[in-house]
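Both backbone and side-chain heavy atoms feed into the values below; hydrogens, waters and symmetry mates do not.
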Amino acid sequence: MVRSLVRVLASVALPAALFVAPVAASAQGNSFDLAGPDVAVTVHRGGRSLPLPQVPSLQPGDRLVARALLPADQSAHYVLMVAFLRGATNPPPKDWFYAVESWRRKKNVLDIAVPEGARQAVLLLAPQAGGGFDAVRDAVRGRPGIFVRAAQDLYQASLDRARLDTFVDAIGRIGDADPERLGKAAPVLANMLRIKFNADCLARPRDQQAECLTQNRDDLVLNAQRGATLTDTLTGAPVDLAYQVAATPEGGAGYYSPYIGLVRDVAKLFGAFRSAQYQYLPTLALGRGEATHLLLNSAPSFQNPRSVLVVPMPPIGAAPAPIWRAGSAAPVCLARPDLVMPIDDASLLFATRYARDLRLHLVGDGGRTTDLPVVPDAEGGGIRLAPGTALPVSGPIRQAVLQGEWGFDPFTGPRLPVQYGGDGTWTPRPDATVVVGREQPLVLTGESSACVSQATLRLADGETRPVPWKAVAPDRAEAQLPLAGAKPGTLSLAITRFGTTAPDTITLTARAEASRLDRFSIHQGDRAGVLEGTRLDQVASLELGGRHFVATTLTRGDRGDRLDLVADGVPAATDARTALVRLRDGRSASVAAIIAPARPAATIVHRAVTAPAQPATLPIVLPDGVMPVDGTLAVSLRLAGGTSTEDAIEVASDDAAATLTAASGAIQRVGDDIAVARFVPRSLLGATASGALRYRVRRGDATGDWQPLVQTVRLPVLTGPSCPDSTGECTLAGRDLFLVTAVGDTPDLAKAVVLPPGFVGSSVAVPRPAGHVLYIRLADAPGAIATVSLP
């Protein structure tokens, strides 16, 4: 599927008109595996000279000295040409074409300058023929777009092939010398060089792994650019390699490399204007020492039509500085013998010779600077110090930046997190007191935690034990002290650093275990948590992520103690995994903290009440948030984190509770985070359903906090008022009037008639209403006022 996707994209990106070559295409191979001649090109700029394999781009004014490196017995005579181009729609002038006859020993060197306005350059090797130079020049000037595209595509394909060859050579070298290293080295090499990695190869016998990893070479090379130009990414396990189709800036952008997913039949590029005298063969140009080696994908012809080899040269213009980045944020120690500083997005660093004079520019205290030479290490995944490099005498290092030359130009690369030096002083936190009887974490603060090589603990009786440790921050390390079975007394912790011989020693005081601290558990966002262990009555408080917790309720059980602790402030999010426990005798100890996800929560989105039918009675209108106990409540809730099949909604009154689930049909999910429930409180909770109802969400074993849902009330049956005359009081008749506590003619019930508790009469005298409304207070909702509509 991936390959077909890339083929479709390639067919869209490259116009079909460029690939009309039915004769050439049938003879064209799919791989550039045929060795061609070598050429030597030296680039002179600003008083300096570099061979072409070390130059990522040319500039106007550069002086080029080129010659073909043909064997002494070369029988076919080649004319060496260089043509400069200035765009697909702008044919170059005739004086931008240069040629020498390579077989003439004293006149076989081409010495030219890159003209102003040139944007691409190609080198051509044409078999000798009458008028050959003119014929080639006319062909290029007649169809400049073909050669512009060829210069771009073939240059990028050459870079891709360089990455592939670097990977294949390294896999072969490791497979011959140490096959057991392939399992570790192959994924790193593939990632550094952006090569498609087949993890299944590592499951084969070791003598077959190298061959398997380098099969189907034309399909192995991935796009090396992973930045903003990425148009599509398909990622696969086991290593994070992107199979990408993207624009590549090295050759002008907007085209597809022949090595991304398929080998394009580039011979078709030239088939459209093949003449009776010449045909044009594409070549890849690979740096081999000072020379450039040419690879062909079709055998050249020395009879009509003769084959002209088209050789790409670097693009013309300012070379963009390499945009690399540190491969890891974790610092590494310069004194470490196996030091490798990870570099990402730097495939051309390992596959080409563009980078020169690489060095690590160090800035220390007081602004002192030091430059250390470094070399690429693709197998290690970055750069390392050059062999024999002497480290600076003192530290620490405040900044380290990769610098060097990219072709002719200096560049500044990424900052790399490195450490070295420091005074060797380590301070235990919170103090130097530890408790024997179990493994205990100890936090140490100091400098250059990445340079710690090992830690050893000497017990009070003289026994020594290795101490597991890890760097958790540039200035902090965490050791796990093996104190099981140890006796109280004075302990010494020896910290050894890379590059030093004498360890740094820390004196610790070990005490007998008083309280055993197992774990502290709290939900994210909660104010209260639970500490588990034994003898927790000695615990006074706890610190976690800057929050202070005070001990409250202690519960003892067969399996130990449980102590509730409550924060004395507003809860805040934290990702701390260690809490500090303070005992009542002044000692302190660390305990693992378990930060559980926030409790499930839900907020009411919408609430609607359908009142039961009230035939032949006066309608009672309840305020918002109050409903009849026999009514139907429909409520929609938005669940934090989205809905789940495990979700349940618990509904409770003061005397009863019930659970609504999606499985039972009581909850319906709408979208990703909305749940809708519909129920009659009396049917759900029984006769005791009146009063304040609350709800909470339950997800698995975790429950949220109770939240108010609605106030339910029992309603009296009111049959109507009776007013004998126009001035006196009225009489309100009905049933279950004991559910009413007051009746008035104004919303504030200022002149209301108050019914005695437990009133069981069938009528009550009420004020004459000014309009058609009476106001009542119900026994089940003393804080709410309901209205009664009169006829």
Side-chain angles (χ1 to χ4, degrees), residues 523-528 571 597-614 619-716 736 739-741 775-787:
H523 285 273
Q524 194 73 262
D526 280 6
R527 292 186 62 239
R599 297 180 185 275
T603 56
I604 295 176
V605 177
H606 189 246
R607 183 174 51 197
V609 175
T610 303
Q614 301 177 5
I620 300 175
V621 180
L622 299 174
D624 186 42
V626 182
M627 67 170 291
V629 71
D630 292 322
T632 300
L633 174 65
V635 60
S636 59
L637 303 172
R638 175 170 281 111
L639 277 69
T643 59
S644 166
T645 56
E646 298 181 353
D647 291 338
I649 298 176
E650 297 182 6
V651 178
S653 65
D654 290 339
D655 301 311
T659 301
L660 308 176
T661 65
S664 66
I667 299 177
Q668 298 187 58
R669 292 188 292 169
V670 182
D672 295 331
D673 59 351
I674 300 294
V676 176
R678 188 188 304 273
F679 61 91
V680 176
R682 187 187 295 276
S683 301
L684 182 69
L685 300 174
T688 60
S690 60
L693 299 188
R694 58 191 185 275
Y695 75 95
R696 69 179 180 182
V697 180
R698 189 180 72 219
R699 180 170 295 167
D701 296 331
T703 57
D705 295 328
W706 286 108
Q707 299 180 71
L709 176 61
V710 73
Q711 182 85 11
T712 59
V713 295
R714 294 163 292 172
L715 296 179
D736 296 339
L739 298 176
V740 180
T741 62
Y775 300 91
I776 63 175
R777 178 185 292 121
L778 298 171
D780 291 338
I785 304 299
T787 60

Seminar exercise, completed: Heavy atoms of Ala602 and Tyr695 approach each other most closely as O-OH, 2.8 Å
For this session: Could you tell me whether the side chain of Asp736 reaches within less than 4.5 Å of the side chain of Arg714, counting heavy atoms only?
Result: no
For this session: Find the distance between CG (Leu715) and CG (Asp780) and round it off to the nearest 0.5 Å.
Result: 8.5 Å
For this session: Identify the heavy atoms of Val697 and Ala601 that sit nearest to each other, and give their distance.
Result: CG2-C, 4.2 Å
For this session: Kindly compute the distance separating CD (Gln711) from OG (Ser690), expressed to the nearest 0.5 Å.
Result: 9.0 Å
For this session: State, yes or no, whether a side-chain contact exists between Leu639 and Arg699 at a heavy-atom distance under 4.5 Å.
Result: yes
Problem set entry | For the student: nearest non-hydrogen atoms of Pro623 and Ala786, plus distance | CD-CA, 4.3 Å
Exercise. Closest approach of Ile620 and Pro716, non-hydrogen atoms and distance?
Worked result: CD1-O, 3.8 Å
Seminar exercise, completed: Of all heavy-atom pairs linking Val609 and Leu633, the shortest is CG2-CD1, 4.0 Å
Exercise. Is a side-chain N or O of Thr712 found less than 3.5 angstrom from the main chain of Ala689, in a donor-acceptor match?
Worked result: yes
For this session: State, yes or no, whether a side-chain contact exists between Leu778 and Val740 at a heavy-atom distance under 4.5 Å.
Result: yes
Exercise. At their closest point, which heavy atom of Val710 faces which heavy atom of Gly625, and how far apart are they?
Worked result: CG2-O, 3.4 Å
For this session: Mind checking the CZ-OG1 spacing from Arg599 to Thr703? Nearest 0.5 Å is all I need.
Result: 5.5 Å
For this session: Drop me the distance from Leu660's CG to Arg698's CZ, to the nearest 0.5 angstrom.
Result: 10.0 Å
Exercise. Sub-3.5 Å donor-acceptor pair from the side chain of Arg607 to the main-chain atoms of Val635, do we have one?
Worked result: no
Problem set entry | Single hit among Ile776, Leu622, Val621 for side chain to side chain contact (heavy atoms under 4.5 Å, CB included) with Thr787 | Val621
Problem set entry | Side-chain donor or acceptor of Thr661 paired with backbone N/O of Ala648 under 3.5 Å | no
For this session: Any chance you could measure Asp647, atom CG, to Ile667, atom CD1, to the nearest 0.5 Å?
Result: 7.0 Å
Seminar exercise, completed: With sequence neighbours left out, the residues meeting side chain to side chain donor-acceptor pair (under 3.5 Å) with Gln707 are none
May I have the list of side-chain donor-acceptor pairs in residues 672-686 shorter than 3.5 Å, sequence neighbours left out?
{"residue": "Asp673", "atom": "OD2", "partner": "Arg638", "partner atom": "NE", "Å": "3.2"}
{"residue": "Arg682", "atom": "NE", "partner": "Asp630", "partner atom": "OD1", "Å": "2.5"}

